Protein chains: 2
Amino acid sequence: MAGVRLRDVAERAGVSIRTVSNAVNGYAPVSDEVRARVEAAVAELGYKPNLMARNFKRGRTGLITLVVPELDVPYFSELARAVITKARAHGYTVVVDQTDGEPDRERELVMRDSAAAAMFDGVILSPLALTHADLARRGADQPLVLLGERIAESAYDHVAIDNVAAARTATEHLLDLGRRRIAAVGDQPWESGETAQLRTRGYRDAHEARGLAVEESLIVTTRRFHLASGAEAMAALLEHPQGPPDAVFCYNDLVALGAIRTLLTNGVRIPEDIAVVGFDDIEAGRYNTPTLTTISPDKTAIAQLAVDRLIARLDKEDETAPAELWAPYELVVRESTVAPV
Amino acid sequence: MAGVRLRDVAERAGVSIRTVSNAVNGYAPVSDEVRARVEAAVAELGYKPNLMARNFKRGRTGLITLVVPELDVPYFSELARAVITKARAHGYTVVVDQTDGEPDRERELVMRDSAAAAMFDGVILSPLALTHADLARRGADQPLVLLGERIAESAYDHVAIDNVAAARTATEHLLDLGRRRIAAVGDQPWESGETAQLRTRGYRDAHEARGLAVEESLIVTTRRFHLASGAEAMAALLEHPQGPPDAVFCYNDLVALGAIRTLLTNGVRIPEDIAVVGFDDIEAGRYNTPTLTTISPDKTAIAQLAVDRLIARLDKEDETAPAELWAPYELVVRESTVAPV
DNA sequence: CTGAAAGCGCTTACAG
DNA sequence: CTGAAAGCGCTTACAG
């Protein structure tokens with residue numbers, strides 16, 4: 001059955017290659033009678049189009065790549081799921097690439113001059129290490145949509161939630177509960193730490209808006225956003241010279257779950273002694289004990305906005321200037337801040 | 001810069017297209033002097049090979065697809081990560097496709113007659129709905145490696161752990177702790193439930209080997225292996241007519257974590273009142289409170305075995321009969337069965 | 001609505 | 001070690 005070409009079908013159906021191509025692709029109007037003959041020939045011969053030839057000729061693969069730091073971090077796997085589903089609805093196939101935070105790997109996939117990137121019609125990137133300077137050197141022939149706020153105000157479309165406002169909302173929730181010594185875990189005051197810095201900004205804003213001073217030693221830096229980072233940071237906070245905080249705002253849910261682990265093993269009651277808020281709303285937080293209060297970014301909306309925009313660029317349907325696209329988020333209050341009645 | 005072809009480079013370097021191709025691909029021996037001229041021309045012109053043309057001509061894309069039910073289930077995202085990493089080391093790119101357990105979607109990707117599958121050089125599939133009958137109708141021209149024990153003894157290579165032995169190990173651990181009313185959560189006594197059935201087999205074997213009767217009503221069926229399934233099943237077990245069990249063997253970690261959630265909200269002590277064992281060793285179980293005792297399949301080994309075999313088939317290096325490839329596993333004892341001292 | 005034909009940019013026998 | 005040329009299987013102006 002292999003090796004059946006368009007021309008074999010054409011011969012069998014007694015029409016030209018052109019007509020078979022039209023019929024198979026549903027392009028130009030083909031008379032019903034001819035279409036039926038072609039379809040019969042396709043079925044008899046077991047013809048399947050050679051996608052590599054088609055891609056080659058069309059100059060497109062129908063492939064887009066989603067580049068994320070780590071696929072097994074729940075936030076990214078949940079996001080990847082949504083992107084794959086949305087892209088499929090448009091007829092595109094998604095290749096998920098993980099960079100492990102390696103700057104070179106990230107550049108390789110995004111910079112059009114690398115062979116690795118050449119197979120993809122477009123790129124959706126959640127950058128970790130890439131800089132504005134890198135992007136400035138990028139050829140503009142392959143559409144790129146950025147995710148998150150690592151790189152804002154570039155020459156590319158950019159989907160994010162308002163991290164400052166979201167972090168402020170999370171912090172205000174703790175302040176509303178009467179907490180006054182709120183730790184912030186996950187600050188990253190270095191070049192690639194823009195997202196974390198925005199969350200720290202929101203944390204500060206919440207305090208400033210109420211005339212409350214921020215206790216600088218309660219802002220804890222973590223290199224990564226993993227369970228282990230949260231567990232370690234929390235252990236350090238429990239040893240704080242002025243005593244442990246009465247609440248913790250963690251910059252993602254993994255950090256929060258790691259922190260909770262440390263608290264529980266130390267006999268600290270949550271939320272009575274220390275309340276905990278996370279960020280991302282991963283599924284694990286909904287079944288943890290205590291369940292985790294968190295900022296829930298609308299991942300489906302993020303995926304939808306990113307895919308729609310990328311495809312609009314691919315199809316040249318949208319040639320407006322690159323824009324910031326904002327996805328909604330909400331605070332989900334659970335047991336880690338408000339004990340069940 | 002775009003549109004630079006091999007022939008442009010050839011003209012610039014004053015050699016034939018053939019020679020440029022050889023130099024670029026590092027194929028045949030090219031004299032150092034000529035190579036230098038070609039490389040200079042490549043650099044000056046900014047030449048990048050057209051991968052679609054190359055794929056077309058070679059009849060290969062360098063793409064393999066990993067088909068899993070759900071990408072945001074931790075076991076699969078952790079596995080996907082490993083497969084992507086291993087495949088990249090061989091120069092292959094992985095497309096992760098999720099089927100959401102839809103049989104048609106699974107068939108579409110695996111059956112060679114669909115257009116969707118035509119772009120991939122090979123397939124690694126963790127089947128959920130596909131049957132032996134489906135596979136029997138599959139063309140043999142595209143290598144396929146199966147993951148897990150859903151479909152054993154087919155005409156394809158097959159990577160798995162020994163589920164019967166692993167489940168038996170898990171159950172024996174609980175028996176060794178003196179537990180006698182051990183529930184099994186996750187049985188799936190229907191066609192696509194082979195993996196679950198093997199685990200039930202191991203659970204029974206452990207009892208039989210010690211001359212202990214299995215209390216049939218303690219074997220609980222769940223349609224899926226999610227957190228919610230475990231939470232619901234555990235709630236039902238707490239209402240068991242003969243009283244709750246004194247231990248639970250859950251068929252994956254999500255089910256176990258869901259069960260733990262139900263136990264903790266009902267004031268049940270773990271492991272004192274009820275001990276819990278999971279299966280998969282996902283990261284969340286290592287930071288849960290209590291940490292989760294579980295069967296840990298060596299996911300890296302699974303990925304390595306699957307990728308190595310697939311590529312050996314692709315390269316025709318391995319034309320032996322399809323085989324069962326066994327990956328190691330181990331029981332990891334944590335707080336959910338043995339309280340910390 | 002359909003046909004005959006060019007050409008996408010590579011790889012690779014065939015010669016030398 | 002290198003050249004001239006065929007051909008992979010499509011899509012698509014160009015005609016009619």
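Just so we're on the same page: letters track the sequence lines, and every chain starts at 1. This is a predicted model, so every value here is computed, not measured.
- Distances were taken from every side-chain heavy atom of S16(B) (C-beta onward) to each of dG9(D), dG3(D), dC10(C); the shortest belongs to dG3(D).
- The NZ atom of K57(B) sits 13 Å away from the P atom of dC10(C) (whole-angstrom rounding).
- Atom OH of Y47(A) and atom C1' of dG9(D) are 8 Å apart (whole Å).
- The distance between atom CG of N50(B) and atom C1' of dG9(C), rounded to the nearest whole Å, is 6 Å.
- Between the CZ atom of R58(B) and the P atom of dA13(C) there is a distance of 13 Å, given to the nearest Å.
- Panel note: side chain S21(A), backbone I17(A); no donor-acceptor pair is recorded below 3.5 Å.
- Residue order along DNA chain C, read from the 5' end via each residue's closest nucleotide, puts V34(A) first among V34(A) and I17(A).
- Computed from coordinates, the M52(B) CE to dC8(D) P distance equals 21 Å when rounded to whole Å.
- With R309(B) as the partner, the side-chain contact (heavy atoms from CB on, under 4.5 Å) test is satisfied by one option alone out of V145(B), V159(B), I124(B): V145(B).
- Counted by atom type alone, Y92(A) and R60(A) present one or more donor-acceptor pairs between their side chains at under 3.5 Å.
- For S31(B), taking side-chain heavy atoms from C-beta onward, the closest of the listed nucleotides dC8(D), dC1(D), dC10(D) is dC1(D).
- With C1' as the reference atom, dT12(C) and dG16(C) are 16 Å apart, rounded to whole Å.
- In this structure, CZ of R35(B) is placed 13 Å from C1' of dT2(D), rounded to the nearest angstrom.
- Contact between V96(A) and I84(B) at its shortest, heavy atoms only, is O-CD1, 3.7 Å.
- Side chain of D100(A) to backbone of E102(A): no donor-acceptor contact under 3.5 angstrom is found.
- Remark: C1' of dG9(D) and CG of D8(A) are 10 Å apart, rounded to the nearest angstrom.
- The CZ atom of R18(A) sits 9 Å away from the P atom of dT12(D) (whole-angstrom rounding).
- Of the listed nucleotides (dG3(D), dT11(C), dT2(C)), dT2(C) has the atom at the smallest distance from the side chain of N22(A).
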Dot-bracket line, read 5' to 3' along DNA chain D, where crossing pairs take [ ] and | marks a partner on another strand, Watson-Crick or G-U under 3.5 Å: |||.||||||||.|||
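- Distances shorter than 4.0 Å separate none of the side-chain N or O atoms of T19(A) from OP1 or OP2 on dC1(C).
- Paired with L71(A) under the rule side-chain contact (heavy atoms from CB on, under 4.5 Å), one option of D72(B), L79(B), L71(B) passes, and it is L71(B).
- Among the nucleotides dT12(D), dG9(C), dG3(D), the one closest to the side chain of S21(A) is dT12(D).
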